[in-house]
Colleague: 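The structure's right below; bear with me while I get my questions together.
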Amino acid sequence: MRKRLTIRIILPHFPKNDFEKGNSISQIVLSLRRPFFANQIYTEMINLESRYMGLKLRNPIVAGSSGLTNSVENIIELEKNGIAAVVLKSLFEEQIHYSASHTLMQDEYKNLYPEAEDYIRNYTAENDINSYLRLIENTKKAVTIPVIASINCISDTKWIDYAKKIESAGADGLELNIAVLPSDPNKESSENEKIYFDVTREITKALNIPVAIKLSYYFSGLAKTMKSLSWTDIKALVLFNRFYSPDIDIEHEEIKSSFVFSSPSEIALPLRWIAMLSPIVECDIAASTGVHDGTGLIKMLLVGADVVQIASVLYQKGFREIGSMIDQLESWMDRHNYINIDDFRGKLSVAKTENPAAYERIQFMKHFSGIE
Ligand SMILES: Cc1cc2nc3c(=O)[nH]c(=O)nc-3n(C[C@H](O)[C@H](O)[C@H](O)COP(=O)(O)O)c2cc1C
C-alpha cells in the first residue's frame, strides 16, 4: 500500500535557516539534540485503504469496465500503476447473440446443413464465455488486486448459468450492467423497475460472491428505486452507467455515435445524485462518469462515494494518471489534516452539508450561477 509519511514539527522558534541550507528533517533533528524537541515530533500515516463490496482495497480508485480491462497484460499494468481493483470488460448478452447470428449469416452452407445452425450458435456463445472465463482465471493468477467480472444483462434467466461459471473461475465479485431504456410508451415505470428487482433477486440467490449493479439515471422515481435496490442482497450501486448515445452527421444526414469518452463536466450528474443518495442507501456506492483527475476523485468521496470507477481518463491520459490521482488525493488530505478517507467521506452529502438545498435546486438563478 502506498503511504505518505507526514512529520509535523511544532516548535515556536524552529531554526528556519537549517532548511535553507538544504538539511533534511532527520539531520536537523539529530543536530539539535534537544530532548523537548523529540516530544513534539509525531508521525501520521495517510491511509487510503477503502472497502467496496466487502473487498479490501488499497485506495478508492477502480478501473471501470472497458476495452482496457479486457486483457491480462493491461490489468497487470493497471495494478503496477496503483489501481485498487478492476472491473472486467462486460460479457454482453446481445454480443453473444449477435456473434452467433452473424456467423450464421456468413455461413454459405447454412442452407445445405440447417442442423448446423444450433451447433454454431451454441459454439459461438460458448467460445465467448470460455475466453471470458480464461481471462478471469489468468488475471487472478497474475495480479493480487480484486477482479470484478461484469455481465451486461437484459433478462432475468439466461445469465444465471454464466454468472455461476464466473464465480467458479475465481472472480472476486460481479457487476451487473442492467440497461433498460424506458422507451416503450405503453409500459408503466413500475414494469421497467421490476426487471431490475427480478434480475437482482435471481443473481444474488445463485451466487456467493458480492454483486453490484450498474445503473442509468433513467428512472422516474430514482431515489426510491435506488433505496429499495439497496435493501436487496446487492453490495453496491454503480452510479451511473454512461450509455452509447446517438448523434447526427448533418452533412450525410446520418445517425452516428456521439463521443465515446466522457468529459470532466459530466461529473455533475453523478455528483448530485451520490450527494443525495449516499445518506439513504444501505449499500456501497461506486461513482462512475466524468472522474478525470484527483479533483474529481476527491469531490466524489466528499459527497459520499466509497470508490470511483474510471475509464475515459485511462484511454485519454494513460495509466500513469492513476498515480497522479493518488498523489493529488494524498496531498489534499495532508493539507486538510485527514488521515483516513472516512475522516471526510460524505462530508458534503445532503445529510452533512450546511447547504443541502444546493443539491435540490435545479433551476438556474443569477444568484447561484453568476450569469445573467
Ligand atoms: C471504450 C469503452 C468501453 C466500455 N465498455 C463497457 C463495458 O463493456 N461494460 C460497462 O459496464 N461499461 C463499459 N464502459 C463504460 C465505463 O465503464 C464507464 O461507466 C463510462 O465510460 C463512464 O466512466 P468514465 O467517465 O470514467 O469514462 C465503457 C466505456 C468506454 C469508454
Side-chain angles (χ1 to χ4, degrees), residues 52-53 61-70 85-95 148-156 159 163 173-183 189 192-200 203 210-223 225-230 232 234-247 257-278 281 283-292 296-297 300 303-315:
Y52 176 59
M53 298 170 75
I61 311 176
V62 174
S65 176
S66 83
L68 295 175
T69 57
N70 205 20
V86 289
V87 184
L88 299 180
K89 171 82 184 155
S90 300
L91 189 59
F92 280 76
E93 185 174 6
E94 297 144 289
Q95 174 200 338
I148 300 164
S150 168
I151 294 180
N152 182 311
C153 61
I154 45 175
S155 74
D156 60 340
W159 289 96
L174 178 69
E175 183 178 287
L176 285 185
N177 178 339
I178 312 178
V180 179
L181 193 69
S183 56
S189 56
N192 289 319
E193 281 152 24
K194 187 175 176 302
I195 299 171
Y196 292 86
F197 289 94
D198 288 347
V199 172
T200 303
I203 295 285
V211 174
I213 338 179
K214 186 174 186 179
L215 302 146
S216 77
Y217 39 85
Y218 293 121
F219 289 91
S220 55
L222 195 140
T225 308
M226 298 298 137
K227 187 174 156 189
S228 302
L229 280 170
S230 79
T232 67
I234 59 159
K235 293 285 181 277
L237 291 167
V238 183
L239 307 175
F240 293 105
N241 195 4
R242 185 174 184 273
F243 284 141
Y244 155 85
S245 295
D247 195 3
S257 165
S258 71
F259 295 113
V260 173
F261 300 126
S262 68
S263 73
S265 64
E266 291 178 52
I267 199 177
L269 194 131
L271 184 136
R272 175 202 290 264
W273 282 106
I274 293 170
M276 298 207 284
L277 294 172
S278 62
V281 300
C283 66
D284 294 340
I285 294 180
S288 167
T289 298
V291 177
H292 281 238
L297 163 67
M300 288 304 201
V303 293
D306 294 277
V307 294
V308 299
Q309 291 192 3
I310 52 171
S312 295
V313 68
L314 296 173
Y315 280 95

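Basis for what follows: all heavy atoms, side chains included, without hydrogens, waters or symmetry-related copies. Given the structure is predicted, the values throughout are model-derived calculations rather than measurements.
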Colleague: Please determine whether side-chain contact (heavy atoms from CB on, under 4.5 Å) holds for the pair Gln309 and Tyr52, giving the CA-CA distance in whole Å, both sets of side-chain angles, and the decisive distance to 0.1 Å.
Modeller: CA-CA 11 Å; Gln309 291 192 3; Tyr52 176 59; 3.9 Å; yes

Colleague: Do the non-hydrogen side-chain atoms of Lys214 and Val87 ever get within less than 4.5 Å of each other?
Modeller: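 Lys214 does not reach Val87 side chain to side chain.
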
Colleague: Where do Leu88 and Ser150 come nearest, in terms of heavy atoms and distance?
Modeller: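 Taking every non-hydrogen atom into account, O-CB, 3.2 Å.
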
Colleague: Looking at Lys89 and Ser66, what are the two nearest heavy atoms and their distance?
Modeller: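 Taking every non-hydrogen atom into account, CB-O, 3.4 Å.
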
Colleague: What are the two closest non-hydrogen atoms of Gly304 and Ile274, and how far apart are they?
Modeller: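 The pair with the smallest heavy-atom distance is C-CG2, 4.1 Å.
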
Colleague: Who passes side-chain contact (heavy atoms from CB on, under 4.5 Å) against Ser257, sequence neighbours left out?
Modeller: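 Tyr244, Val260.
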
Colleague: Suppose we screen for side chain to side chain donor-acceptor pair (under 3.5 Å). Which residues come up paired with Ser262, at least two apart in sequence or across chains?
Modeller: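 Testing Ser262 for side chain to side chain donor-acceptor pair (under 3.5 Å), a comparison that skips the adjacent residues, returns His292, Ser312.
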
Colleague: Please enumerate all residues that pass side chain to side chain donor-acceptor pair (under 3.5 Å) together with Arg242, with sequence neighbours excluded.
Modeller: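 Once residues adjacent in sequence are excluded, the partners of Arg242 under the side chain to side chain donor-acceptor pair (under 3.5 Å) criterion are Glu266.
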
Colleague: Could you report the tightest heavy-atom contact between Val291 and Val313, atom names first, then the distance?
Modeller: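 Val291 and Val313 have their closest heavy atoms at O-CG1, 3.8 Å.
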
Colleague: In chain order, what residues pass the salt bridge (charged side-chain N to carboxylate O under 4.0 Å, His left out) check against Lys227, with sequence neighbours excluded?
Modeller: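 So Lys227 forms no salt bridge (charged side-chain N to carboxylate O under 4.0 Å, His left out) with any residue.
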
Colleague: Using ring-ring contact (aromatic ring centres under 6.0 Å, His included) as the criterion, list what pairs up with Tyr315, not counting sequence neighbours.
Modeller: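 Scan of Tyr315 (ring-ring contact (aromatic ring centres under 6.0 Å, His included), adjacent residues dropped) gives Phe261.
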
Colleague: For Ser228, check side chain to side chain donor-acceptor pair (under 3.5 Å) against everything at least two apart and list the hits.
Modeller: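 Residues passing side chain to side chain donor-acceptor pair (under 3.5 Å) with Ser228: Lys224.
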
Colleague: Supply the atom-to-atom distance Glu175 CD to Asn152 CG, rounded to the nearest 0.5 angstrom.
Modeller: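 Nearest 0.5 Å value for the CD-CG distance: 10.5 Å.
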
Colleague: Once you round to the nearest 0.5 Å, how far does CG of Leu222 lie from OG of Ser189?
Modeller: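 So the gap between those two atoms works out to 11.5 Å.
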
Colleague: Just distance, no hydrogens or angles: give the donor-acceptor pairs under 3.5 Å from side chains in residues 283-290, sequence neighbours left out.
Modeller:
| residue | atom | partner | partner atom | Å |
| --- | --- | --- | --- | --- |
| Asp284 | OD2 | Met53 | N | 2.8 |
| Ser288 | OG | Phe240 | O | 3.3 |
| Thr289 | OG1 | Phe240 | O | 3.0 |

Colleague: I'd like to check Leu297 versus Ile310 (side-chain heavy atoms, cut-off strictly below 4.5 Å). Are they in contact?
Modeller: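 In short, these two side chains do not touch, never coming nearer than 4.5 Å.
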
Colleague: Who pairs with Ala179 by side-chain contact (heavy atoms from CB on, under 4.5 Å), at least two apart in sequence or on another chain?
Modeller: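 Per chain and number, Ala179 pairs via side-chain contact (heavy atoms from CB on, under 4.5 Å) with Asn177, Phe243.
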
Colleague: Who are the ring-ring contact (aromatic ring centres under 6.0 Å, His included) partners of Phe259, not counting sequence neighbours?
Modeller: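 Phe259 satisfies ring-ring contact (aromatic ring centres under 6.0 Å, His included) with no residue once adjacent residues are dropped.
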
Colleague: If the condition is side-chain contact (heavy atoms from CB on, under 4.5 Å), which residues does Ala63 pass it with, not counting sequence neighbours?
Modeller: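 Checked Ala63 against side-chain contact (heavy atoms from CB on, under 4.5 Å); matches are Thr69, Leu78, Ile83, Val86, Leu314.
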
Colleague: Mind listing the closest non-hydrogen atom pair of Asn192 and Tyr196 along with its distance?
Modeller: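 Closest approach of Asn192 to Tyr196: O-CD1, 3.4 Å.
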
Colleague: When rounded to the nearest 0.5 angstrom, what distance separates CG in Leu237 from CD1 in Ile213?
Modeller: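 Here the interatomic distance stands at 6.0 Å.
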
Colleague: Side-chain contact test, heavy atoms from C-beta onward, threshold under 4.5 Å: evaluate it for Leu239 versus Trp273 and give yes or no.
Modeller: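 No - every pair of side-chain heavy atoms lies 4.5 Å or more apart.
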
Colleague: Given the rule in the side-chain contact (heavy atoms from CB on, under 4.5 Å) test, do Phe197 and Thr225 qualify, once you have shown the distances and angles that lead to the verdict?
Modeller: CA-CA 9 Å; Phe197 289 94; Thr225 308; 4.2 Å; yes

Colleague: Taking only residues two or more places apart in sequence or in another chain, which ones pass side-chain contact (heavy atoms from CB on, under 4.5 Å) with Ala163?
Modeller: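 side-chain contact (heavy atoms from CB on, under 4.5 Å) list for Ala163, sorted by chain: Ile151, Leu174, Ile203, Leu207.
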
Colleague: For a quick test of reading the model, state the closest non-hydrogen atom pair linking Leu229 to Ile234 and the distance between them.
Modeller: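 What the structure gives for the nearest pair is O-CG1, 3.4 Å.
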
